[in-house]
Amino acid sequence: AGARPELLKTLDEWVGGLAGKTVLDLGGGPGQYSVAFAQMGAKVTWHDVSNRYRAIAEEKAKEAGVEIRFSVGYMDEAPSLLREDFVLVFNRICWNYGRQDASFARVVYGLVKPGGVGYVDTTHADYQYDTLSVSAKLRIRLNNKTWWKIGHPFPPHGRLAELFLRYRMEKMLVDYSAPMNDRILFRKARQTAPGVSR
C-alpha cells in the first residue's frame, strides 16, 4: 500500500511545508512514507529494526530517485543512535514494538523539535481480539492493567492520548474515526515553562 495523500497533505500543512524540513520515519518499514516525504523535499531519516525492510526501502528510494538516510535499530534506541531531533516524527502501525508504552511516548516526544510535529497511528488492543490465542489475550490484559509488556501487544484504546497529554503541547488532535486505530497528531510546545524539564 502506498502513502495516503490526505495524510501527507495534513502533515505538510501542520509543519508549514515539508520541503527542507527534517523528518524521522520511526518504524519506517518498507519505506513508502519515507519516499513520499523525500519526494516532497524533506530531509528524511528512515529508522527500523529490520534489515529486510531497509533493503526494500533503499530500493524504493533508488527507484524514486530520492535520498534517504537509513538507520537500523530498535525504535527505543533512536535517540541514542540518531542524536538529533526532527521537525516531524512519524510513527505508523508499529507503536506496539516500543518496549513500554509510557517510555516510548517519551521517546517519540523527545525526538520532536520544539514547535515540531509528531504523528502516531496505532492499532489498539481491541483489534481482532476475538481471534487471538489465549496467551495473546493474556499479554494484552497484562499490558492493559499493569503496563507490563510481554511480546508486542497493542495498547488499549485511549492510552496514547492519555500519555501524550502528560507533555507540553501547543495543539493536539486525537482521531478515533478508524474503529480499530488511535491516531494522535500534535505540535510540541515551542518552549517549556521555567522549571519544567520536558
Checklist entry - Where the side chain of K149 meets the backbone of N96, is there a donor-acceptor pair that is under 3.5 Å apart? => result yes

Checklist entry - Are L173 and F90 grouped together when hydrophobic residues (ILVMFWY) are joined by side-chain heavy atoms under 4.5 angstrom apart? => result yes

Item to check | S177 and D175 side chains, donor-acceptor separation under 3.5 Å | outcome: yes

Checklist entry - What's the spacing between L160 CG and Y176 OH if we round to 0.5 Å? => result 8.0 Å

Next on the checklist: Would R141 and L138 count as a side chain to side chain contact (heavy atoms under 4.5 Å, CB included) here? Give the steps.
Outcome noted: CA-CA 5 Å; R141 287 188 196 139; L138 287 173; 4.2 Å; yes

Next on the checklist: To the nearest 0.5 Å, what is the distance between CD1 on I184 and CD on E162?
Outcome noted: 11.0 Å

Checklist entry - Do T22 and K113 pass the side chain to side chain contact (heavy atoms under 4.5 Å, CB included) test, and can you show the C-alpha distance, the side-chain angles, and the key distance before you say yes or no? => result CA-CA 10 Å; T22 56; K113 284 182 180 293; 4.0 Å; yes

Next on the checklist: Angle between ring planes, F70 versus W46, binned at 30° and 60°: parallel, tilted or perpendicular?
Outcome noted: tilted

Checklist entry - Are T10 and Y119 close enough that some pair of their side-chain heavy atoms sits under 4.5 Å apart? => result no

Item to check | Intermediate values then yes/no, salt bridge (Lys or Arg N to Asp or Glu O under 4.0 Å), R54 and E58 | outcome: CA-CA 6 Å; R54 177 183 177 155; E58 284 177 333; 2.9 Å; yes

Checklist entry - Between D25 and D48, is a side chain to side chain contact (heavy atoms under 4.5 Å, CB included) present by the stated rule, with each step listed? => result CA-CA 8 Å; D25 191 355; D48 199 291; over 6 Å; no

Checklist entry - side chain to side chain contact (heavy atoms under 4.5 Å, CB included) between R159 and N143: does it pass, once the steps are laid out? => result CA-CA 11 Å; R159 179 172 284 173; N143 184 39; 3.2 Å; yes

Item to check | Distance (rounded to the nearest 0.5 Å) between F164 CZ and R106 CZ | outcome: 11.0 Å

Item to check | Distance in Å, Y33 OH paired with L11 CG, rounded so as to fall on 0.5 Å steps | outcome: 8.5 Å

Checklist entry - Would you say the side chain of F86 lies within less than 4.5 Å of the side chain of K21, judging by non-hydrogen atoms? => result no

Checklist entry - Does F186 have its ring centroid less than 6.0 Å away from the ring centroid of Y167? => result no

Next on the checklist: Could you tell me if the side chain of Y109 sits less than 4.5 Å from the side chain of R168, heavy atoms only?
Outcome noted: yes

Checklist entry - Are the side chains of V49 and E77 in touch, meaning some heavy atoms are under 4.5 Å apart? => result no

Item to check | Residue pair V112 / V117, side-chain heavy-atom distance below 4.5 Å | outcome: no

Next on the checklist: Taking G98's backbone N and O only, do any of them form a donor-acceptor pair with H152's side chain (distance below 3.5 Å, no angle check)?
Outcome noted: no

Checklist entry - Do I68 and V35 touch side chain to side chain, with heavy atoms closer than 4.5 Å? => result yes

Next on the checklist: Within the 4.5 Å heavy-atom criterion, are R99 and V107 side-chain neighbours or not?
Outcome noted: no

Checklist entry - Between D182 and P155, is any pair of side-chain heavy atoms under 4.5 Å apart? => result no

Checklist entry - About how many Å separate CD of Q32 and NZ of K60, when rounded to the nearest 0.5 Å? => result 5.0 Å

Checklist entry - Atom CE of M172 and atom CG of L185: how far apart are they, to the nearest 0.5 Å? => result 10.0 Å

